[in-house]
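Take a look at the structure below.
Since the model is a prediction, treat every value here as computed from it, not as a measurement.
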Amino acid sequence: EVQLVESGGGLVQAGGSLRLSCAASGFTFDDYDIGWFRQAPGKEREGVSCISSSDGSTNYADSVKGRFTISSDNAKNTVYLQMNSLKPEDTGVYYCAARHRLLSPLVSRFPFAGFGSWGQGTQVTVSS
């Protein structure tokens, strides 16, 4: 059974930093891309960042480029999202999700498509 567990959320002031973790189990970690998504109150879920299991390439939403960094520790089956220079508009529930690497070429124009097996989410609140 695919299981993803997020952690590391919390309350932080604008300009601060947080590091989110996504611990994976129940599947062959090396075969899956991992993505981070977020959902703010009253808004649709949006893709934040994702990392390829094939070559380690990364994608970022324009709103977080230069501030967020995604990384993967394959030995720990864990993907991290380092978030710096946080803004109030970064507030939301952050989820990680998995996508089999064979799907990646099919959605190359849409880097945040094809993800599933969502975790339960971790709340990030950035105060102004």
Please list all pairs passing the disulfide (SG to SG under 2.5 Å) test where one or both residues lie in residues 86-128, with sequence neighbours left out.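 Non-adjacent pairs meeting disulfide (SG to SG under 2.5 Å): Cys22-Cys96.
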Sorted by first residue and then second, give each disulfide (SG to SG under 2.5 Å) pair with at least one member in residues 59-91; sequence neighbours left out.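 Sorted pair list comes back empty.
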In terms of hydrophobic clusters joined by side-chain contacts under 4.5 Å, are [X] and [Y] together?
X     : Y      : value
Val64 : Phe112 : no
Leu86 : Leu81  : yes
Trp36 : Val12  : yes

Run the side-chain hydrogen bond (donor to acceptor under 3.5 Å, both in side chains) test on Ser71 and Asp73 for me, step by step, so that the C-alpha distance in whole Å, both residues' side-chain angles and the decisive distance to 0.1 Å come before the verdict. CA-CA 7 Å; Ser71 61; Asp73 185 338; over 6 Å; no
Pairing residues for Tyr32 by the ring pair (Phe, Tyr, Trp, His ring centres under 6.0 Å) criterion, not counting sequence neighbours: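 Per chain and number, Tyr32 pairs via ring pair (Phe, Tyr, Trp, His ring centres under 6.0 Å) with Phe27, His100.
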Heavy-atom donor-acceptor pair, Thr122 side chain to Ser7 backbone, under 3.5 Å: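 A pair under 3.5 Å: no.
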Ignoring hydrogens and geometry, is there a side-chain-to-backbone donor-acceptor pair from Thr28 to Asp30 under 3.5 Å?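 No.
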Which heavy atom in [X] sits nearest to a heavy atom in [Y], and how many Å separate them?
X      : Y      : value
Ile34  : Ile70  : O-CD1, 4.0 Å
Gly114 : Leu103 : O-CD1, 4.0 Å
Val79  : Phe29  : CG2-CZ, 3.7 Å
Ile51  : Gly56  : CG1-O, 3.8 Å
Ala97  : Phe115 : O-CD2, 3.4 Å
Pro111 : Cys50  : O-SG, 3.5 Å

Selection residues 11-26 - residue pairs positive for side-chain hydrogen bond (donor to acceptor under 3.5 Å, both in side chains), sequence neighbours left out: Ser17-Asn84
The criterion is side chain to side chain contact (heavy atoms under 4.5 Å, CB included); which residues satisfy it with [X], sequence neighbours excluded?
X      : result
Ser104 : Asp33, Arg99
Asp62  : Lys65
Ala113 : Val107, Phe110
Ala40  : Lys43

Pairs in or reaching into residues 43-91: which pass ring-ring contact (aromatic ring centres under 6.0 Å, His included), with residues at least two apart or in two chains?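 Pairs touching residues 43-91 that pass the test: none.
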Which distance, rounded to the nearest 0.5 Å, do you find between the [atom1] of [X] and the [atom2] of [Y]?
X     : Y     : atom1 : atom2 : result
Tyr95 : Phe37 : OH    : CZ    : 12.0 Å
Asn77 : Leu4  : CG    : CG    : 10.5 Å
Asp90 : Met83 : CG    : CE    : 7.0 Å

Please name the residue in the list Arg45, Gln120, Gln123, Arg38 that meets the side chain to side chain contact (heavy atoms under 4.5 Å, CB included) test with Val93. Gln123
Please list, chain by chain and in numerical order, all residues satisfying salt bridge (charged side-chain N to carboxylate O under 4.0 Å, His left out) with Arg101, sequence neighbours excluded. Asp31
For Glu89, all residues meeting salt bridge (charged side-chain N to carboxylate O under 4.0 Å, His left out), sequence neighbours excluded: none
Could you pull out all residues at least two apart from Ser57 that satisfy side-chain hydrogen bond (donor to acceptor under 3.5 Å, both in side chains)?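 Residues passing side-chain hydrogen bond (donor to acceptor under 3.5 Å, both in side chains) with Ser57: Asp55.
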